[in-house]
Amino acid sequence: MAEPNSPKAQADRVLEVFGETVIVRGDAGGTLLDAAVIEEIVPPSVGAPLHRHSREDEISYVIEGTFRIWRGDEVLDVGPGGVALLPRHQVHTFKNIGAGPGRLLTVILPAGFERFFKVVAERRPMDEDLAEIATIAAEFGLEILGPPPA
């Protein structure tokens with residue numbers, strides 16, 4: 001097993017995108033899995049655009065706060081310890097409906113989509129510019145369908 005500071009260890013990457021902090025977690029031992037682990041620190045009333053993945057499944061675990069998760073026709077309010085399974089091809093999004101910052105841990109299967117956050121952080125599209133965001137998203141097999149529901 002690699003030491004935390006060894007060349008084989010994968011460092012976390014902290015990115016600011018869509019009004020939230022996205023931390024792409026790396027494996028301290030350098031193990032490569034076909035999954036990405038993302039921690040999101042989400043301010044109150046902030047959420048992701050309504051979207052659909054063509055390549056990935058997601059599992060979101062609420063660490064802190066309360067999130068409203070739209071999954072197909074379902075609307076779920078999920079608090080700490082709650083899990084939402086978001087299969088590929090299903091329209092979904094989330095929004096922090098709590099009074100303070102919320103934290104989500106999302107596992108994305110297979111790996112690869114985590115690069116989307118890096119590209120968004122580099123190009124810095126305006127949050128309101130869904131057309132530009134949709135163009136970037138399409139590069140990753142993600143379809144942006146509109147803003148988060150109210």
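Basis for what follows: all heavy atoms, side chains included, without hydrogens, waters or symmetry-related copies.
When all heavy atoms of Gly65 and Pro80 are compared, the pair lying nearest together is O-CD, 3.2 Å. The minimum heavy-atom distance between Pro110 and Glu56, with the atom names listed, is O-CG, 3.8 Å. Between Val83 and Val78, the shortest heavy-atom distance links the atoms N-CG1, 4.0 Å. Pro44 and Ala99 get closest at one heavy-atom pair: CG-O, 3.3 Å.
Note on ring orientation: taking the six-membered ring where Trp is involved, the planes of Phe116 and Phe113 are parallel (angle under 30°, cut-offs 30° and 60°). In this pair, His53 and His92 present their aromatic rings parallel. The plane angle is below 30°, not in the 30 to 60° band.
When atom types are taken as modelled, the side chain of Thr93 and the backbone of Ala48 share a donor-acceptor pair closer than 3.5 angstrom. A donor-acceptor pair under 3.5 Å is formed between the side chain of Asp57 and the backbone N or O of Arg88. Put simply, the side chain of Asn96 never gets that close to the backbone of Ser45: no donor and acceptor are under 3.5 Å apart. At least one donor-acceptor pair under 3.5 Å links the side chain of Ser54 to the backbone N or O of Gly141. The backbone N or O of Gly112 sits less than 3.5 Å from a side-chain atom of Glu114, completing a donor-acceptor pair.
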I would like to know whether Arg13 and Phe117 meet side-chain contact (heavy atoms from CB on, under 4.5 Å); could you show each step before the answer?
-> CA-CA 10 Å; Arg13 287 177 289 167; Phe117 298 108; over 6 Å; no

Evaluate the criterion side-chain contact (heavy atoms from CB on, under 4.5 Å) for residue pair Ile59 and Leu109; output intermediate values, then yes/no.
-> CA-CA 8 Å; Ile59 304 164; Leu109 304 158; 4.2 Å; yes

What do the steps show when you test Leu145 against Val91 for side-chain contact (heavy atoms from CB on, under 4.5 Å), and what is the final call?
-> CA-CA 8 Å; Leu145 302 167; Val91 174; 3.5 Å; yes

Step by step, would you call Lys95 with Glu40 a salt bridge (Lys or Arg N to Asp or Glu O under 4.0 Å)?
-> CA-CA 12 Å; Lys95 185 176 187 178; Glu40 297 173 73; over 6 Å; no

Under the side-chain contact (heavy atoms from CB on, under 4.5 Å) criterion, do Gln90 and Arg71 qualify, and how do the steps go?
-> CA-CA 7 Å; Gln90 186 174 57; Arg71 177 176 69 186; 2.9 Å; yes

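Under the 4.5 Å side-chain heavy-atom criterion for ILVMFWY residues, a single connected hydrophobic cluster contains both Phe140 and Ile108. One hydrophobic cluster, built from ILVMFWY side chains closer than 4.5 Å, cannot hold both Val42 and Tyr61; they sit in different ones. Trp70 and Ile97 fall into different hydrophobic clusters, defined by Ile, Leu, Val, Met, Phe, Trp and Tyr side-chain heavy atoms under 4.5 Å apart, directly or through other members. Taken together through direct or relayed side-chain contacts under 4.5 Å among Ile, Leu, Val, Met, Phe, Trp and Tyr, Val14 and Ile41 form part of one hydrophobic cluster.
With a 4.5 Å cut-off on side-chain heavy atoms, Val120 and Ile136 count as touching.
Between Lys118 and Glu16 there is no salt bridge, since no side-chain N of the basic residue sits under 4.0 Å from a carboxylate O of the acidic one.
Put simply, CD on Glu143 and CG on Leu50 are 9.5 Å apart, with the number rounded to the nearest 0.5 Å. Here the CG-CZ distance, from Leu76 to Phe67, works out to 13.5 Å after rounding to the nearest 0.5 Å. Of the inter-residue distances, the one linking Ile69 atom CD1 with Leu86 atom CG reads 6.0 Å to the nearest 0.5 angstrom. Between the CG atom in Asp12 and the CZ atom in Arg25 there is a gap of 4.5 Å [rounded to 0.5 Å]. Expressed to the nearest 0.5 Å, how far CD of Glu39 lies from CG of Leu105 amounts to 6.5 Å. Note that the CG atom of Asp77 and the CZ atom of Arg68 stand 4.0 Å from one another [nearest 0.5 Å].
Every side chain to side chain contact (heavy atoms under 4.5 Å, CB included) that Ile144 has, sequence neighbours left out, goes to Pro49, His51, Leu130, Ile133, Ala134, Ala137, Leu142.
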